[in-house]
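Beneath this line is the structure, given in C-alpha cells, with notes to follow.
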Amino acid sequence: MSEVEQQLTELGRGVENLYTLEELRAKLAKGRPLRVKLGMDPTAPDIHLGHAVVLRKMRQFQDLGHKAVLIIGDYTARIGDPTGRDTTRPILDENTIAENAQTYLDQAGKILDLAPDKLEVRWNSQWLAKLSFADVLKLTGQVTVQQMLHRENFRLRMEKQTEIMLSEFMYPLMQGYDSVVVEADVELGGTDQTFNNLMGRELQHKAGQEKQVVMVMPLLVGLDGHEKMSKSKGNYIALTDDANTMFGKIMSIPDSLMPNYYQLLTNLPEDRIASLIDPNQTHPRDAKDVLGRIIVEEFHGRDAANAASIEFRRRFSEHELPSDIETHAVGEGRINIAQLIRKVGFASSGSEAKRLIAQGAVTFNNERITDPTTEVVIDGEPVLKVGKLRICRVRI
RNA sequence: GGGCGUGUACCGAAGCGGCCAAACGGGGCAGACUGUAAAUCUGCUGGCGAAAGCCUACGGAGGUUCGAAUCCUCCCGCGCCCA
C-alpha cells in the first residue's frame, strides 16, 4: 500500500461523506501538507463532544503532516448559522463573541496539535468585515436563490412557512468565501454543514482555485439517544465538564449509542470495538466503563479517568455518598425542609420543593421526608439529598 | 398597500363566555424496576400557603359582561395570496 493509500484509509475512518475521494487522493499525491479548514462559530461559551468528533479528524490530518486551519467565525457568528434551526438565531454582541472565541481556542487546544507549523488560527472578521457592498453583490451574484432553497433547512422552513431572514442566505456565502481566502484544500464539517462546505467548492471554483475536498463527519447523537448533541437541547457532554461529570454522562448514554461513540471518539481498532460492543463478549456496563475512561482520559488524563470510574462505581453501584460534597451554610439551626431545599438551590421555588418532597425524592440525614411541613434540625453537617444527583451537606 | 389567516404554559397543540392554572402529546423532574442503559409502570410539571384559599398567567393595551383564553376595539408579531 502506498503512503497515499494508507493516509486515505486512515482519514476515511468514521467519515460520513466525502466530496470526492478521487480529488482527495490527487491532493494527497502532491506530497505537500494540505490546508485543512474547520470553521467554528463562537456562539456559545463551550464546545462539546460533538465538536470533538470533527476536531479529532482535524488532529488526524495534523498527525499525518497536514496543516490545520482553524477559522474562528467571529464575523459569521453575528448572523448565526441557520443550521438546525426553525427560527432565526439572536444576534450576539461583539464582547460575547470575543469571550466565547477565547474559550473555544482553549478547548480546541485540548484536541489539536498546537505547534505553529501544524496550526493556523484565523478570524474571519479579518476579511469579511472589509468587504464592500459591491464585493457582497459580486458574491451574491454567483449563487441563485434556487440553489439556496435546495438547502434542506431552508426548504423545510419554506414548507413550514416559518421565517427565513434574508441575511441567513449570506451565511453559506460567507463560509464559502472563507475557503477562498484561506485557500483550503480540505474542509471538515458535520453533516449539517454539508451545504455550506460545498458552497466553498463552488466559490473557489468561480475564483479560479482548485476546489476543496469536503469531508463530512456524522453528527454525534446526544445523551437522550435520539437528537444530535447540542447545547440548546441540553443533551451534551462539554469538554469543560469535570472528570466525574463527564464519566457519569457517558455512563448514562443508551447502549445503542456505544458503537457510534466508540467509532467517533476513540482510536481503538475496529476489531477491538467490535468485541467491546458485542454484549456476548463484553457486558455493556463494562464496555461503557471502558468508553468512559478513554474519553475522560483524553481531556483529563489517565489518573482522573480511573478515579472517575472508581468514584462512579462507589456512588452508583454501591450507593455510597460522593467523595466530595459541597457544604452549604444555612444561617439557621432549625428550618423548614422545603425552605432548606430552595435555599441550597435544589429547587427554584417552594412549590417545586414541596412537590419533590411529596414524591419521595428527599432524604435528610438518610431519612426520607415526605411531609413538606417538617422542620429539620441542623446538628453537625447533615446530608441533604434530593433525587439521585442533588446532594449536599448543610451547616449553620 | 389590499385580502385571508394566525399568536395558548419548555415545545407542539386543544379550548372559542362560567365546570380553565387551561385537555392531549412530546420534553423535563421524581418514584418503582435496573447496569445513573433501554423498555415498562406510576406520579408531578405557574407562585405564595400546613391547608382552605389567594395571586399572576392564554401576544399587548383598553372595553362589554355578574363573569373573558374565549366577545368587541385598537396596537404589535408572524404566515400565505395578490400588488
Side-chain angles (χ1 to χ4, degrees), chain A residues 84-88 90 154-166 168 221-237 241 243-262 276-293 295-296 308-323 335-343 345-364 368-376 384-391:
Chain A
R85 289 258 144 183
D86 49 8
T87 53
T88 308
F154 290 140
R155 208 187 61 229
L156 288 176
R157 285 202 266 167
M158 291 295 284
E159 281 168 15
K160 282 173 67 185
Q161 305 189 343
T162 55
E163 70 173 358
I164 301 170
M165 294 311 284
L166 195 50
E168 293 184 66
V221 177
L223 299 177
D224 56 77
H226 302 289
E227 305 223 60
K228 75 162 185 168
M229 183 174 285
S230 87
K231 173 113 179 160
S232 55
K233 299 212 174 72
N235 62 356
Y236 68 104
I237 302 176
D241 278 341
N244 285 333
T245 305
M246 195 179 263
F247 190 86
K249 283 183 179 175
I250 293 161
M251 292 305 281
S252 80
I253 64 169
D255 290 358
S256 57
L257 243 50
M258 269 203 283
N260 193 242
Y261 275 46
Y262 265 118
L276 279 165
I277 62 179
D278 177 359
N280 295 320
Q281 294 185 56
T282 313
H283 189 288
R285 210 214 81 93
D286 297 329
K288 220 180 270 177
D289 180 80
V290 170
L291 177 68
R293 287 208 311 265
I295 293 172
V296 173
S309 168
I310 291 165
E311 171 75 4
F312 182 86
R313 210 171 284 259
R314 211 175 93 79
R315 184 167 170 192
F316 294 104
S317 305
E318 291 157 30
H319 304 290
E320 301 280 327
L321 289 173
S323 52
I335 187 170
N336 168 266
I337 185 68
Q339 281 175 31
L340 176 65
I341 289 167
R342 194 176 45 177
K343 206 155 188 169
F346 287 173
S348 56
S349 69
S351 299
E352 190 187 335
K354 276 176 216 154
R355 272 181 237 124
L356 288 164
I357 294 163
Q359 289 175 123
V362 176
T363 65
F364 183 79
R368 188 163 302 273
I369 294 180
T370 50
D371 175 3
T373 66
T374 307
E375 294 253 311
V376 294
L384 173 69
K385 206 171 161 195
V386 178
K388 287 191 190 76
L389 299 173
R390 286 163 279 187
I391 299 176

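So that the names make sense, note that chain A is the first sequence line, chain B the second, and so on, each numbered from 1.
Of the residues listed (A:Ile341, A:Ile369, A:Ile391, A:Val376), the one engaging A:Leu384 in a side chain to side chain contact (heavy atoms under 4.5 Å, CB included) is A:Ile341, and it is the only one.
The interatomic distance linking A:His226 (NE2) with B:A37 (P) rounds to 14 Å, in whole Å. As a whole-Å value, the separation of A:Ile250 CD1 from B:G35 C1' is 16 Å. A:Ile357 has its CD1 atom 14 Å from the C1' atom of B:G49, to the nearest Å. The distance between atom CD1 of A:Ile341 and atom P of B:C29, rounded to the nearest whole Å, is 17 Å. In this entry the distance linking CG of A:Asn336 with P of B:C48 reads 12 Å, nearest Å. Distance CG (A:Asp224) to P (B:G27): 9 Å, rounded to an integer number of Å. To the nearest angstrom, P of B:A37 lies 12 Å from CE of A:Met258. Taking atom CD1 of A:Ile277 as the reference point, atom C1' of B:A38 lies 16 Å away to the nearest angstrom.
Across all strands, A:Ile253 comes closer than 4.0 Å only to sugar-phosphate atoms, never to a base (heavy-atom distances). Nucleic acid contact class of A:Pro254 (heavy atoms, under 4.0 Å, all strands): sugar-phosphate only. Within the nucleic acid shown, A:Arg390 comes within 4.0 Å of sugar-phosphate atoms alone, with no base atom in reach, counting heavy atoms only. Looking at heavy-atom distances under 4.0 Å, A:Gly248 makes contact with a base.
Base pairing of B:C44 is made with B:G28, judged by Watson-Crick or G-U wobble geometry with both donor-acceptor distances under 3.5 Å. Nucleotide B:A23 is matched to nothing when pairs are restricted to Watson-Crick or G-U wobble geometry with both distances under 3.5 angstrom. For B:C71, the paired base is B:G63 (Watson-Crick or G-U wobble, both distances below 3.5 Å). When Watson-Crick and G-U wobble pairs are counted only if both distances are under 3.5 Å, B:A39 pairs with no nucleotide at all. In this structure B:C16 sits in no base pair that meets the Watson-Crick or G-U test at under 3.5 Å. Across all strands shown, B:A83 remains unpaired; no Watson-Crick or G-U wobble contact has both distances below 3.5 Å. With a cut-off of 3.5 Å on both Watson-Crick or G-U wobble distances, the partner of B:C78 is given as B:G5.
Between B:U34 and B:G18, the distance separating the two C1' atoms is 49 Å to the nearest Å. Atom C1' of B:A83 sits at a distance of 35 Å from the matching atom of B:G12, rounded to the whole Å. The C1' atoms of B:G2 and B:C71 are separated by 27 Å, rounded to the nearest whole Å. For B:G31 and B:A21, the P atoms lie 30 Å apart once the distance is rounded to whole Å. Straight-line distance between the P atoms of B:U6 and B:G25: roughly 25 Å, to the nearest whole Å. Nucleotides B:C11 and B:U64 place their C1' atoms 35 Å apart, quoted to the nearest Å. Look at the P atom in both B:G49 and B:G35: the space between them is 40 Å, to the nearest Å. Taking the C1' atoms as reference points, B:A22 lies 10 Å from B:A14, given to the whole Å.
For A:His283, whose side chain is taken as the heavy atoms from C-beta onward, the closest listed nucleotide among B:G49, B:A30, B:G35 is B:G35. Candidate nucleotides B:G31, B:G35, B:C48 were compared by shortest atom distance to the side chain of A:Lys388, and B:G31 ranks first. For A:Arg285, taking side-chain heavy atoms from C-beta onward, the closest of the listed nucleotides B:A50, B:G35, B:G31 is B:G35. Checking B:A50, B:G35, B:A30 against the side-chain heavy atoms of A:Lys354 singles out B:A50 as nearest.
When the side-chain nitrogen and oxygen atoms of A:Lys288 are compared with OP1 and OP2 of B:G35, none of them lie within a distance under 4.0 Å. Side-chain nitrogen and oxygen atoms of A:Arg355 include none within less than 4.0 Å of the OP1 or OP2 phosphate oxygen of B:G31.
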Would A:Phe364 and A:Leu340 satisfy side-chain contact (heavy atoms from CB on, under 4.5 Å), going step by step from the backbone distance to the final call? CA-CA 10 Å; A:Phe364 183 79; A:Leu340 176 65; 3.8 Å; yes
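Nearer the 5' end of RNA chain B, as judged by each residue's closest nucleotide, is the contact made by A:Met251, out of A:Arg342 and A:Met251. Comparing A:Ser349 and A:Ser256 against RNA chain B, the residue whose closest nucleotide sits nearer the 5' end is A:Ser256.
In this structure, OG on A:Ser317 lies 9.0 Å from CG on A:Asp289, to the nearest 0.5 angstrom. For the atom pair A:Ile357 CD1 and A:Asn336 CG, the distance stands at 7.0 Å (nearest 0.5 Å). Taking CZ of A:Arg313 as the reference point, atom CZ of A:Phe247 lies at 7.5 Å (rounded to 0.5 Å).
Residue side chain A:Gln359 reaches the base of B:G43 through a donor-acceptor N/O pair under 3.5 Å, judged by distance alone. The base of B:G35 is paired with the side chain of A:Asp255 by a donor and an acceptor separated by under 3.5 Å.
With 3.5 Å as the limit, one finds a donor-acceptor pair spanning the side chains of A:Asp278 and A:Gln281.
Comment: A:Arg314 engages A:Glu311 in a salt bridge, judged by a side-chain N to carboxylate O separation of less than 4.0 angstrom.
Both the sub-6.0 Å distance and the 45° axial angle are satisfied by A:Lys249 relative to the ring of A:Tyr236.
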